[in-house]
Amino acid sequence: MTSESGERRRFQTVRGTNDTLPDDQPYWDWVRSAAQSVAHRFGFRRIDTPVFEETALFVRTVGEGTDIVEKEMYTFTDRGDDMLTLRPEGTAPVCRAYIQHGMHTLPQPVRAFYITPIFRYERPQSGRLRQHHQFGVEAIGDPNPEIDAEVIHVLWSLFEELGLKNLRLHVNSIGCSNGDCRPRYLNSLRKYYSTRLDKSCEDCHTRYEKNTLRLLDCKEGQCQPIIDDAPTPTDSLCQDCADHFERLRSLLDLWEIPYTVTPRLVRGLDYYTRTVFEVHPAIEGSQTALGAGGRYDGLVEQLGGAPTPGVGFGSGIERIIMNLREAGLTPPDDLSPRTDLYIVYLGDTAHQHALRLAAELRKNGLSVSLPTGSRSLRAQLRSASAANARYALIIGDDEVAKGAAALRDLDTSEQSDVSLDAEAVKAAIAS
Ligand code: HAM
């Protein structure tokens, strides 16, 4: 590429974004198809929303004081002066769609899943990207803890299906804001911190003022002893929230999903109420959650809909694939499709015949490759094995005259003669 100044430069992916090359695709196909199949098993159907939305949709729901809204959104003004944001999370758009399309008239809860790119201007590191992809599910319109448990079951089943082991599920309840449990808790947390602010980090001073619950999420070393002794949301739950949490735990027990109650678990988005959860690998770092979510009973109302409960999760596909690779787990063979036949030809008549045969076999559903131009037999056979072809058909002008040619099994090197018409070749390959 030559720039205006005449300088040549090679472009690279933007920091924090990745190409998914053909060799990577079997992993992606594997995770996507497992996610889709698990979601269907639990009655979730696919939803797709646009990549960008009005900025206010996210500011209002994810929350003004959150890292996502304050530091991480890809926001721009378009040519019509509308303020838009590339989707930084999947839940608010699904709730927007639920309201916009009157989905409250459907049987509740509406169960939807998505597989979609997410954009956050974060500091890139292993497992933390500026464009990542999430598999997420949302169940909207049901307040019962059975749905919370089912949503967690979907995520757990996906990891089981993929063979990921030694994962830890952390659950907690952060209470509700319509009863008095959340306000009561925030008061006690503020009171606790008021005498410890001098020992807290700079960011926690801001959290104390703007987003008190997030004090528990601070990663700074100096704040850890303070967090360790802080009051927990579960200490302040109202009776309804306590019952809800207990029922959720009893269902996880019933379905034999192992979990740890982590009483200081809070989440980085403001819309959560009651249930919150995260799944981590056994060896944890700060950016390791493989999936996370919770209940968001006020979100639809915040967006102008009727009061409607909801619960869901999002799970990072890049992180899942990273863990699969680390565990030495590989996609099933049928997700790395092979070329059925590579046609090798020598001479002009054979070339013509090869072109005709390839077209006919492709029409019959076979995957067929053949070289372009004229190349040596050895070069062509090398290309056949580079294409991971199962068979090679070797045609010279003599073979065309005879109407038969050698079909070589490239796995066993066995060779047999086959008549040079599409039906016969197809039958020989299938046998
Ligand atoms: P979240 O915890 O922000 O929640 O993200 C969900 C998951 O996406 C994380 O557990 C992680 O696996 C993956 N993830 C997040 N950020 C990155 C990143 N920068 N790079 C790679 N992977 C990442 C939400 O987004 C909520 N909308 C989840 C939800 C759905 N809650 C209810 N419904």
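Note that ligands are numbered from 1 as they come in the structure, with each ligand's atoms numbered from 1 the same way.
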- Query: What's the verdict on salt bridge (charged side-chain N to carboxylate O under 4.0 Å, His left out) for E54 and R60, showing C-alpha distance, side-chain angles and the deciding distance?
  - Reply: CA-CA 11 Å; E54 273 184 63; R60 197 176 291 181; over 6 Å; no
- Task: Just do the salt bridge (charged side-chain N to carboxylate O under 4.0 Å, His left out) check on D24 and R325 with the steps written out, would you?
- Result: CA-CA 11 Å; D24 303 323; R325 287 187 196 270; 3.5 Å; yes
- Note on the structure: Quick note on ligand 1: atoms under 4.0 Å from a heavy atom of Y272 include exactly 26 (C), 28 (C), 29 (C), 31 (N), 32 (C)
- Item | Proximity of Y296 to ligand 1 by residue part, where a heavy atom lies under 4.0 Å | side chain
- Task: Looking only at distances, please establish whether an N/O atom of ligand 1 is found under 3.5 Å from an N/O atom of A289.
- Result: yes
- Task: State, yes or no, whether a side-chain contact exists between H153 and L158 at a heavy-atom distance under 4.5 Å.
- Result: no
- Task: Report, as yes or no, whether the 6.0 Å neighbourhood of atom OH on Y208 holds more than 12 heavy atoms from other residues, nucleotides or ligands.
- Result: yes
- Query: Would one find an N or O of H132, backbone or side chain, under 3.5 Å from an N or O of ligand 1?
  - Reply: yes
- Pair E138, T91: side-chain N/O donor-acceptor within cut-off below 3.5 Å: yes
- Item | Distance filter under 4.0 Å to Y271 heavy atoms, resulting ligand 1 atoms | 26 (C), 27 (N), 31 (N)
- Task: Examine ligand 1 and decide if any of its atoms is less than 4.0 Å from a heavy atom belonging to E318.
- Result: no
- Note on the structure: So the atoms of ligand 1 within less than 4.0 Å of a heavy atom of G293 turn out to be 31 (N)
- Task: Within a distance under 4.0 Å of any heavy atom of G127, pick out the atoms of ligand 1 and give their elements.
- Result: 20 (N), 21 (C), 22 (N)
- Query: Atoms of ligand 1 less than 4.0 Å from E89 heavy atoms?
  - Reply: 25 (O), 26 (C), 27 (N)
- Do D48 and R46 pass the salt bridge (charged side-chain N to carboxylate O under 4.0 Å, His left out) test, and can you show the C-alpha distance, the side-chain angles, and the key distance before you say yes or no? CA-CA 7 Å; D48 289 302; R46 179 149 181 157; 3.1 Å; yes
- For E138, take its heavy atoms, then give the atoms of ligand 1 lying under 4.0 Å from any of them. 30 (C), 32 (C), 33 (N)
- Student check: side-chain heavy atoms of V31 and F135 closer than 4.5 Å: no
- Query: What atoms in ligand 1 come closer than 4.0 Å to a heavy atom of G291?
  - Reply: 10 (O), 12 (O)
- Message: What I want to know is whether R120 and ligand 1 share at least one N or O pair that is separated by under 3.5 angstrom.
- Response: yes
- Task: Identify, by atom number and element, the atoms of ligand 1 in contact range of R267, meaning under 4.0 Å from any of its heavy atoms.
- Result: 1 (P), 2 (O), 4 (O)
- Task: Before signing off on this row, confirm whether Y114 and ligand 1 have an N or O atom pair separated by under 3.5 Å.
- Result: no
- State, with a plain yes or no, whether a side-chain heavy atom of V154 is found less than 4.5 Å away from one of V151. no
- Query: Counting both backbone and side chain atoms, is some N or O of L129 under 3.5 Å from an N or O of ligand 1?
  - Reply: yes
- Straight-line distance of E318 CD to N323 CG, nearest 0.5 Å: 12.0 Å
- Task: Say whether V311, considering both its backbone and side-chain N or O atoms, lies within less than 3.5 Å of an N or O atom on ligand 1.
- Result: no
- Can you find a pair of side-chain heavy atoms, one from Q108 and one from V110, that are under 4.5 Å apart? yes
- Is it the side chain (CB and beyond), the backbone, both or neither of R130 that lies under 4.0 Å from ligand 1, heavy atoms counted? neither
- Task: Grab the two heavy atoms, one from R120 and one from P88, that are nearest each other, plus how far apart they are.
- Result: NE-O, 2.7 Å
